[in-house]
Each structure stands twice: as structure tokens, then as C-alpha cells.
Amino acid sequence: MAVKLNEKYLAGFVSEEEIRKVEKETAEAVQTIKNRNGAGNDFLGWIDLPVNYDKAEFEAIKKAAEKIKKSCDVFVVIGIGGSYLGARAAIEYIKSPLYNALAKDTPDIYFAGNTLSGTALDELLSICDGKDVCVNVISKSGTTTEPAIAFRVMREYLENKYGKDGARERIFATTDKEKGSLKYLADQNGYQCFVVPDDVGGRYSVLTAVGLLPIAVAGCDIDKLMKGAADAREAYNGKTGTDCERYAAIRNCLYRKGKAIEILACYHPFFTMTAEWWKQLYGESEGKDGKGIFPASVIFSTDLHSMGQMIQEGKRNIFETVVDIKSTGAKVAVPGDSENLDGLGFIAGQTLDSVNRKAFQATALAHCDGGVPNIVIEVDGKNEYEFGYLVYFFEMACAISGYTLGVNPFNQPGVESYKKNMYALLGKPGAENEERRKQLLARLGE
Ligand code: PA5
């Protein structure tokens with residue numbers, strides 16, 4: 001079993017009887033997902049993706065990844081939200097957060113179009129100078145402003161550098177199979193396209209071309225990734241009494257007892273972006289209709305020196321979910337030192353990972369004493385298989401949890417509000433935009 005729930009640090013916070021009550025509802029949610037008759041059921045393509053994916057496209061992704069590896073030093077992945085978080089999470093988890101700085105035979109990978117910061121794009125352009133560059137622009141809708149602007153900039157850059165024909169060979173578009181301005185632009189220019197299936201939402205799309213192409217370019221084995229997800233599907237899909245369902249039940253149970261904030265914690269920086277991916281998955285899926293567990297994240301022990309005080313003694317409305325990665329393969333140990341001036345002789349010879357494990361146990365006990373329950377999710381290792389397994393675990397648990405909470409876990413209506421205001425303030429043509437613009441400017445006093 002690649003992923004296992006450990007409930008040791010929940011004692012005294014929730015009783016078996018309380019969890020059992022919620023499990024009646026999570027069992028119904030499992031059934032709803034299986035029968036595909038719940039809200040948002042036209043976005044359930046992620047359930048069977050690990051086995052039911054487009055095999056021809058999968059091979060095309062591998063081929064494109066090889067071409068990209070051979071033809072560039074810098075690979076720019078343009079996308080926002082679900083169109084970049086999964087790929088970045090996978091690369092950092094499987095390879096390293098320092099992937100670009102490591103010696104390797106694959107291109108450096110930079111993520112763009114996930115911000116409107118001019119500084120970020122200026123810096124990227126200067127990194128690209130003097131290097132060969134390829135671009136993967138990813139947008140399911142094909143209309144999102146942030147990636148569209150970044151793509152305009154990168155396309156101009158590539159066309160100036162390589163000419164229109166040369167740029168065509170270096171641009172790869174991942175988008176809807178037929179609609180959206182990105183699809184139109186890609187077809188007009190003859191870019192190779194990959195498809196985001198209609199029935200897979202952005203935050204559930206890491207196992208489609210959205211995630212797979214950048215992950216393959218980084219040199220990760222996408223067959224193993226899919227195998228991990230397929231084994232998790234086998235373990236969880238349509239099944240009750242699983243650790244996946246139990247995680248959904250426990251977090252809902254804690255929520256009902258006033259624990260409205262879930263902090264996902266891990267003791268390894270390579271998990272930072274996986275936590276960001278998880279935050280989008282749970283935040284967008286559950287935060288609606290005035291409900292939702294607020295998803296936050298920390299990397300320990302780093303954040304014990306910043307957020308530790310708040311977690312230990314602040315408002316008691318939080319619980320932690322600790323992802324405990326059992327084996328990382330790290331070898332570094334605390335060196336012996338005959339002078340022992342720093343007083344660390346008592347741990348000389350111990351690996352950092354074993355010291356880290358003691359930090360985890362010590363923290364979990366301290367936080368429990370401070371009134372913060374800890375759910376622990378044990379993961380065997382740090383590779384493609386485990387990552388794929390964990391992705392599916394969290395996706396299925398999120399769907400079960402969302403239905404248990406009583407929301408549609410597959411829509412995100414609230415994301416539109418800022419966009420409408422931004423388009424109006426930017427002066428996008430259209431009567432509705434103009435009217436909104438007047439109202440907003442009056443509120444801004446401009
Ligand atoms: O989960 C979602 O649907 C969103 O976060 C999207 O992934 C994000 O807004 C990017 O959308 P798109 O891929 O259409 O550009």
C-alpha cells in the first residue's frame with residue numbers, strides 16, 4: 001500500500017462513534033461518485049483517467065517530450081491554477097525543487113503565465129537570452145488572461161528569435177479539443193496540440209497532457225506515474241471502508257467540531273508545490289455556498305520557526321494533515337566532531353531524515369497537547385508511482401469530502417468575480433463592461 005492513514009494523533013479529538021456517523025454520509029458520497037449521479041457529474045473524467053486515457057496521445061506526449069529535450073535548454077510552461085500546479089508539483093516531488101540547478105540531461109523548466117507580474121516575465125526573458133527555448137502553453141478554456149498575456153510575450157520572443165516557421169516547431173499547445181481562442185490560434189499557426197478532455201476540470205487535470213508533457217520533459221517516467229494512479233483507482237474507486245474515504249470522513253468530522261482550517265504539513269521542501277496543488281484542489285472544490293474547510297499549508301520544521309507559535313497556541317480552529325514520506329533515499333548524516341562545540345555530538349552519525357522524523361513525532365505530540373488534532377497520511381516514497389498514487393488519493397477524497405459537505409466539488413463559480421471587475425477596469429469593450437467600469441471607478445474614487 002503506497003498511501004496509508006495513521007490515526008495515532010487523533011486520540012481524544014474525535015471518537016470512533018463520531019467518525020462512524022460521518023462515514024454513513026461518506027459511504028453515500030462514494031456511491032454517488034460511482035453512480036455518477038451527483039452535482040457536477042459531467043466532470044468525472046478524472047475517475048478513470050489512469051486506465052482510460054487516450055493511448056495514442058500518451059505516446060505523442062512522450063515523442064514531443066523527446067523532441068523538446070533535444071531542441072531546447074529552457075522549457076517554458078505557461079498556465080495558471082490547474083493548468084500548472086500539478087506539473088510543477090510532480091517535478092518538484094519526483095526530481096527536486098532545485099531541479100533547474102541540478103546537473104541533468106533535460107532542459108531547465110520555468111513556469112510562466114501564473115501571475116501578472118511584469119518583473120517575473122522580464123526575468124524569464126533575460127534567462128532565455130542566449131539559450132534555445134521551447135514553450136508549452138496550457139489553458140483548458142483557452143481564454144484565461146494571465147497565460148494568454150504570457151503566451152503573447154513568449155510567442156513574440158520566439159518568432160523574433162526563430163522566425164514564424166522556427167517558432168512553430170517550438171510551441172506546443174494544450175487546450176480544449178475544439179473551442180477557445182488558444183485552440184484557434186494554435187490551429188491558425190500549426191502548433192502541435194494536446195487535449196484537455198471535456199469531462200476533466202482544471203484542478204483534476206494533472207494526469208492529462210496538462211501535467212504529463214511537462215512532467216515527461218523533466219525526465220520523469222509517466223508510465224510509472226499512471227501506474228501509481230491506476231493502483232489507487234483500483235483501491236478506492238467505488239469502494240467504502242478505504243483510507244481515502246476515511247480521510248474525507250475525519251476531516252468533515254473535525255470541521256463539524258469547529259475545526260474550519262486544515263493545514264497540510266510535510267517535513268520536506270520537495271512537497272511545497274504538491275501542497276499548493278492540494279490547496280487549489282480542496283479550496284476550489286469545497287469553498288462555496290458559505291461552506292468549506294480552509295486549506296493552508298506549511299513545510300516543517302521550516303515553518304515551525306514562523307507559524308509554529310500560531311499553531312501551538314493560537315485560535316483552536318485548526319487541524320493538521322501531515323504527509324509523512326517514509327523513505328526519501330537521502331543519505332546525508334550529522335558529522336562527528338571531536339570538539340563538539342555546538343553540543344550536537346549526541347546525534348552524530350544519525351541521518352537528517354531520522355532527525356527529521358523525531359522532529360515530526362515531537363511536533364505532532366506538542367500540537368496535540370496544544371489542541372490541534374493531526375491526521376497522518378503515510379506515503380512510502382518519493383517517486384513517480386507514489387506521486388501518482390497520492391494524486392488519486394487526494395482527488396477521490398476531495399470528491400467524497402465535497403459531496404459530504406453538501407457542495408458541488410467540480411465547479412468554481414466564484415473565480416469569475418475578480419475577472420469581471422478586472423476586464424471592466426481594463427476597458428474591455430462591451431456594454432456590460434462599460435457599465436461595470438463606471439460603478440467600480442466610482443467606488444474606487446477615480
Ligand atoms: O481548476 C480550475 O478550473 C481553474 O483553476 C483553472 O485551472 C485555471 O483558472 C486555469 O484555467 P484554464 O486552464 O482554462 O486557463
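Order of listing sets the numbers, starting from 1, for every ligand and every atom in it. Computation of the quantities below employed the complete heavy-atom set of this structure, encompassing side-chain atoms and omitting hydrogens, waters and symmetry-equivalent molecules.
Residue Ser83 approaches ligand 1 through these ligand atoms, each under 4.0 Å from one of its heavy atoms: 7 (O), 12 (P), 13 (O). When each atom of ligand 1 is checked for a heavy atom of Ser141 under 4.0 Å away, the hits are 12 (P), 14 (O), 15 (O).
Closest protein heavy atom to atom 5 (O) of ligand 1: Gln280 NE2, 2.6 Å. Taking atom 7 (O) of ligand 1 as the reference point, the nearest protein heavy-atom neighbour is Gly82 N, 2.9 Å. Counting protein heavy atoms only, atom 1 (O) of ligand 1 is closest to Glu284 OE1, 2.7 Å.
Panel note: side chain Lys382, backbone Tyr93; a donor-acceptor pair is recorded below 3.5 Å. No donor-acceptor pair closer than 3.5 Å links the side chain of Lys177 to the backbone N or O of Phe194. A donor-acceptor pair is defined here as one N or O able to donate and one able to accept, closer than 3.5 Å; no such pair exists between the side chain of Asn6 and the backbone of Lys4.
Ring geometry for Trp277 against Phe387 counts as tilted: the plane angle lies between 30° and 60°, on a 0 to 90° scale.
Geometrically, ligand 1 and Gly142 share no nitrogen or oxygen pair separated by less than 3.5 Å. By the 3.5 Å distance cut-off applied to N or O atoms, Lys419 is not counted among the residues near ligand 1.
When the options Thr144, Leu85, Val415 are ranked by their closest heavy atom to atom 15 (O) of ligand 1, first place goes to Thr144. Nearest to atom 9 (O) of ligand 1 by heavy-atom distance, out of Asp176, Leu281, Ile80, Asn114, is Ile80.
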CA sep, side-chain torsions, deciding dist, call: Glu159, Arg155, side chain to side chain contact (heavy atoms under 4.5 Å, CB included): CA-CA 6 Å; Glu159 287 180 357; Arg155 190 159 51 96; 3.7 Å; yes
Test log, rule side chain to side chain contact (heavy atoms under 4.5 Å, CB included), inputs Tyr236 and Val3: CA-CA 11 Å; Tyr236 307 134; Val3 171; 4.0 Å; yes
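Under a 4.0 angstrom heavy-atom cut-off, Glu146 registers as lying outside contact with ligand 1.
Within 6.0 Å of NZ in Lys21 there are 12 or fewer heavy atoms belonging to other residues, nucleotides or ligands.
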